[in-house]
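Here is the naming used below: chain letters follow the sequence lines, and residue numbers restart at 1 for every chain.
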Protein chains: 2
Amino acid sequence: MLTGTNLTYTKAFNHRIVFETIRLNGPISRADIARATNLTAQTVSNIVNRLLKRNLIMEGKRMQKKRGAPSVTLDINPKGAYSIGLDFNRDHLTGILVDLAGNLVDKKYFEVNDPTPEASIKLMAETAEDLFEKDKYKNSYLSGIGIGFPGPMQVNQDNTVSNVVNPKSFTHWKNVPVLKLLSQHIDAPIFLENNASAAAIGERWYGVGRNISSFLYSFFGVGLGGGIILNGQLYEGANDNAGELGYTPMDAGVSPLSNSDHPHIGEHFDLTRLYNWLAKSDIKVKSPQDLRALYLDKNEKFMEWIELAKELLAPAFLSVENLLDPEVIILGGRLPEEILKDFSDGLSTRLNNMRIVEKTTGPEFLTATAGEDAAALGAATLPMFDLYAPQPQVLIKKNGQNNSDD
Amino acid sequence: MLTGTNLTYTKAFNHRIVFETIRLNGPISRADIARATNLTAQTVSNIVNRLLKRNLIMEGKRMQKKRGAPSVTLDINPKGAYSIGLDFNRDHLTGILVDLAGNLVDKKYFEVNDPTPEASIKLMAETAEDLFEKDKYKNSYLSGIGIGFPGPMQVNQDNTVSNVVNPKSFTHWKNVPVLKLLSQHIDAPIFLENNASAAAIGERWYGVGRNISSFLYSFFGVGLGGGIILNGQLYEGANDNAGELGYTPMDAGVSPLSNSDHPHIGEHFDLTRLYNWLAKSDIKVKSPQDLRALYLDKNEKFMEWIELAKELLAPAFLSVENLLDPEVIILGGRLPEEILKDFSDGLSTRLNNMRIVEKTTGPEFLTATAGEDAAALGAATLPMFDLYAPQPQVLIKKNGQNNSDD
DNA sequence: TTGGTTAAATAAACTGAATTGATTAATCTT
DNA sequence: AAGATTAATCAATTCAGTTTATTTAACCAA
């Protein structure tokens, strides 16, 4: 709804603006922050002192530039807050602990096999507890826990999680109240998100998207997912389906991996199907790392898949260009970097040829900075982003919400 | 850049919030506004009194609901401000005057033929002056003049206007500094926009988009254009090309209207080419109204075009659904309402069949409320939107900008 | 009819955010 | 060493929404 604002919200927003300015430009002085943000020096000074008290930033050494008094530099305090990210899948759970600067502090990896909700919740809770041991991080602040779910699963409005789209991959999951169950074990804010969207936020906050306000993140996970960042914020669409390139139709028979009535390109990127298809040619793979080896070997069969992948992605990305006109398209996920790089190069040239003559520019293709842990890092970013990112929504009143925060 | 905010911006934003609440829900009492906006009654009272003083709203009669003192209703004052919209094309210029409530007050129409910039500027300035005669609207406020340019023309960053995409249609136009030239004749804020984007804003502010925060507006003008509204704001993309469905490729030979090396669906919607193609079958048409007659006659040749149009639009809109996931797709522009309605019905059912099985929902298709003057009304909305719409940007400082406004 | 209750609107005093103006301190320039 | 320049902050001010209290107008029950 149309809600107003007041000074409390102003304050919260300005705190975030100053924090973000330090995060992106640090080390930076109070005076430079004032210039960058159009806030007065006095205001910046007050906000900085409050952020210092909260241990979110720290002072560095004095720096003299030209004349005048030397300035004290400010920088993010990595130990000011921590966050846990869980990347949950049918076959594995990755849990990571990151600090405020986005550094990977700790990591746990578990192989699972189509786990029940009960077993999953238990594993998630234990992993989270292990990652942030109370005595080890005695005086530190845990901003929260983010959990990324594989693309085909859906985080419902009521925060239950179900797999509406592909019931066969997660046999035991249907409208599971993950948030409710987890909060019985965990005393910290919990955030649920589709792993592609989470990865997009991660890339926006810590990765190549730091200075890019609009991009599409193509996430190669178990299948093909997507997350869209517009004006610095996650755009999920009316039904949380925005960016789902995988649904793009393709002609029947084009991909040997397709087996549906409505062939769509997502099928070609289903890793399980890819492994099975390769197995038919006696090529044994069971992980993205195995694919990397195949790729470096220039394995003929796998190269066939790669070429077809680019063939299928090209028109989909042309649609992205025409419809969304993003500055950048980021490729990331579980596929090895070399393969993503191959995609990005191949797609760039393909799009140049497909574009109508009068148009000369298109989005730039980049590969994500986060590697195989993109989803987990993205999940870990969710609480951080919620607490510290300068989102315009912060400025707008919400019923019964208290914004005080000193 | 990352800029902070302060109370001045808060005030400006809250004024817009209250105004918009009245606009959308009026007649409405101060107390109801307070409840709707989460602002206190006192704040609303203050803001309302300032808006009354500026003549933007007006008091109605007392209304008693249950117990307690009866409330005074408030409503938009249509005569509080006026706006001029110019829809400029190769073949015509439509100029309209609308009031604050979006009512059409006056309209001028001129046929032109590939006019030079000089002649065009002169005609625009004269039309604007005629529409808002000083003595006739003595005590009224003109919020500004909006001008919509046909899709293939481009409003450059430096506010010059050129036709980069299709140089053949506007032979005399290349990097014309429209804003500079017009402001020599006109003493009011001037806004330039692509006509599809303008129409989208018009529909957002006055039309079916009033309560829809994200939609794609497909604009059937001289060709096929598009405007995207996300979170209530116009999203133009990194190169102002977002929503340009016309660039969607199609196979060669599919549309008899195509003649390019890179066939794209926009070619099928080029009205000039359509007229010429129909002429080959001895069907003489030269206006959208003529097409309406053909449609009502169920003219065989024209129906062929209609069917192919839907055939081409369907996959493009499926991309929209998958990528943007909008609540609604609005069809509008110069094509007669009956044809747009046909498109919308046909596309709805087509998309239902193309969608992969597991997905059940898609965007709703609506036809625009504004008819053939959609572009002009949209253009007229630009100044209004800029002055009165509750945009989050209002909350953010801009260098050297003074936000005082009492 | 009367007194009590409910609600709208606003006046007056308050709170808390950024701002403005003044001051101090550190460094460079000449 | 004196003056200029810049960073940082203290102190006082401004001005937005908020809180509290008051007035007014209606309804309702006895």
Donor-acceptor pair between A:N55 and A:N77 side chains, under 3.5 angstrom: no
Spacing of B:L51 atom CG relative to C:dA9 atom P, expressed in whole Å: 15 Å
Aromatic ring proximity A:Y82/A:Y141, centre distance under 6.0 Å: no
A:T10 and B:T10: side chain donor to acceptor below 3.5 Å: yes
For atom CD1 of B:I33 and atom P of C:dA8, their distance in whole Å: 12 Å
Sugar-phosphate only, base, or nothing, as touched by A:T43 at under 4.0 Å among non-hydrogen atoms: base
Note, B:E236 side chain near B:E193 side chain (heavy atom, < 4.5 Å): yes
Any side-chain heavy-atom pair of B:F132 and B:L97 under 4.5 Å: yes
Side-chain N,O (A:R50) to OP1/OP2 (C:dA17) below 4.0 Å: no
Heavy-atom side-chain contact between B:V18 and B:L39 under 4.5 Å: yes
Residue mapping more 5' on DNA chain D - nearest nucleotide basis, A:A31 or B:P70: A:A31
A:A69 vs A:N14, nearer the 5' end of DNA chain C by closest nucleotide: A:N14
Below 4.0 Å: OP1/OP2 of C:dT19 and any side-chain N or O of B:N6: yes
Partner of B:Y388 by ring pair (Phe, Tyr, Trp, His ring centres under 6.0 Å), out of B:W205, B:F19, B:F13: B:F19
Integer-rounded Å distance: D:dT18 P and A:K11 NZ: 16 Å
Contact nearer the 5' end of DNA chain D, comparing A:T5 with A:V72: A:V72
What are the atom names and distances for every N/O pair under 3.5 Å that joins the protein to nucleotides 10-14 of chain C?
from   : atom 1 : to    : atom 2 : distance (Å)
C:dT10 : OP2    : B:R30 : NE     : 3.2
C:dT10 : OP2    : B:S45 : OG     : 2.5
C:dA11 : N7     : B:Q42 : OE1    : 2.9
C:dA11 : N6     : B:Q42 : OE1    : 2.8

For atom CD1 of A:I28 and atom P of D:dA8, their distance in whole Å: 11 Å
For atom CG of A:N38 and atom C1' of C:dT20, their distance in whole Å: 16 Å
Spacing of B:I47 atom CD1 relative to C:dA9 atom C1', expressed in whole Å: 15 Å
A:R62 or A:T10, whichever maps to the more 5' nucleotide of DNA chain C: A:T10
Value in whole Å for how far the P atom of C:dG16 lies from CG of B:L7: 14 Å
Restricting to nitrogen or oxygen on both sides, can you table the protein-nucleotides 27-30 of chain D pairs closer than 3.5 Å?
from   : atom 1 : to    : atom 2 : distance (Å)
D:dC27 : OP1    : B:Q64 : NE2    : 3.4
D:dC28 : O4'    : B:R67 : NH2    : 3.3

Nearest-angstrom distance from the residue atom CG of A:L52 to C1' of D:dT9: 14 Å
Shortest non-hydrogen contact between B:L74 and B:I33, atoms and distance: CD1-CD1, 3.9 Å
Any side-chain donor near an acceptor of the partner, B:E203 and B:T369, under 3.5 Å: yes
For A:D32, salt bridge (Lys or Arg N to Asp or Glu O under 4.0 Å) partners two or more places apart: A:R35, A:K65
